[in-house]
Amino acid sequence: MPVDALLLEGTCVMNEAILTGESISQTKWTLNAADEQDATFLDMTGAHRHSVLFAGTSLLYCTNSHVKRENHIPKLPKACSSGCRFLALRTGSYSSRGELLRA
């Protein structure tokens with residue numbers, strides 16, 4: 001991932017070994033209604049970590065049940081045809097990877 005991003009649609013499996021040192025992949029999913037009502041602010045490293053993809057990590061798999069395949073551009077590879085939607089939160093030296101490089 002080139003940026004820290006919030007997962008808006010879909011489910012992802014991420015390799016966060018560069019940040020955590022853990023060899024076990026992490027499953028990421030979207031925020032649900034209860035998460036949104038309980039929080040005024042997005043807690044990227046705490047309560048909402050399950051919905052945040054961090055810069056420097058690797059996207060291993062993604063799926064999105066909301067995507068209708070017939071509406072996508074036919075030239076996209078199959079891996080992209082069920083893609084997820086993200087909102088970029090932090091880029092460059094402000095991202096989680098940038099913080100590691102500055103330290």
Side-chain angles (χ1 to χ4, degrees):
M1 288 294 296
V3 300
D4 289 346
L6 177 66
L7 182 59
L8 299 176
E9 282 185 6
T11 304
C12 298
V13 177
M14 302 294 297
N15 178 359
E16 294 184 346
I18 192 168
L19 298 178
T20 63
E22 297 177 8
S23 60
I24 299 171
S25 301
Q26 302 294 314
T27 302
K28 304 289 184 169
W29 60 91
T30 58
L31 293 175
N32 60 33
D35 290 335
E36 293 170 7
Q37 290 174 357
D38 292 342
T40 305
F41 297 99
L42 179 67
D43 184 7
M44 292 177 59
T45 58
H48 304 122
R49 185 177 175 87
H50 63 81
S51 298
V52 178
L53 288 68
F54 297 99
T57 61
S58 301
L59 178 64
L60 303 177
Y61 175 79
C62 70
T63 184
N64 188 348
S65 60
H66 295 99
V67 173
K68 294 181 180 177
R69 294 184 190 273
E70 62 270 12
N71 293 340
H72 273 68
I73 301 169
K75 294 181 182 178
L76 288 176
K78 288 185 180 184
C80 298
S81 64
S82 63
C84 298
R85 287 188 179 182
F86 307 97
L87 172 66
L89 299 173
R90 301 186 300 187
T91 62
S93 62
Y94 297 104
S95 68
S96 54
R97 184 175 185 183
E99 288 176 3
L100 285 175
L101 294 174
R102 283 187 287 149

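In this chain, numbering begins with 1 at the start of the sequence shown.
With V52 as the partner, the side-chain contact (heavy atoms from CB on, under 4.5 Å) test is satisfied by one option alone out of M44, K28, M14: M44. Partner of T30 under the side-chain contact (heavy atoms from CB on, under 4.5 Å) criterion, chosen from T11, L7, L6: L7.
For C12 against C84, the heavy-atom pair with the smallest separation is SG-SG, 3.8 Å.
The neighbour count for R49 CZ, taken as heavy atoms of other residues, nucleotides or ligands under 6.0 Å away, is above 12.
A chain of hydrophobic side-chain contacts below 4.5 Å, direct or via other Ile, Leu, Val, Met, Phe, Trp or Tyr residues, connects F54 to L8. In the hydrophobic cluster analysis, where Ile, Leu, Val, Met, Phe, Trp and Tyr join through side-chain heavy atoms closer than 4.5 angstrom, V13 is grouped apart from L59. The hydrophobic cluster containing L31 also contains L87, counting ILVMFWY residues as joined when their side-chain heavy atoms lie under 4.5 angstrom apart, directly or transitively.
Atom CG of residue D4 and atom OG1 of residue T45 lie 10.5 Å apart, to the nearest 0.5 angstrom. Remark: E16 CD to I24 CD1 distance equals 12.0 Å, nearest 0.5 Å. Taking OH from Y61 and OG from S25, the interatomic distance works out to 13.5 Å, rounded to the nearest 0.5 Å.
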Practice task
Given side-chain contact (heavy atoms from CB on, under 4.5 Å), test V3 with S95 step by step and report yes or no.
Solution key: CA-CA 6 Å; V3 300; S95 68; 6.0 Å; no
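Using a distance-only test at 3.5 Å, with no hydrogens or angles considered, no donor-acceptor pair links the side chain of N15 to the main chain of S58.
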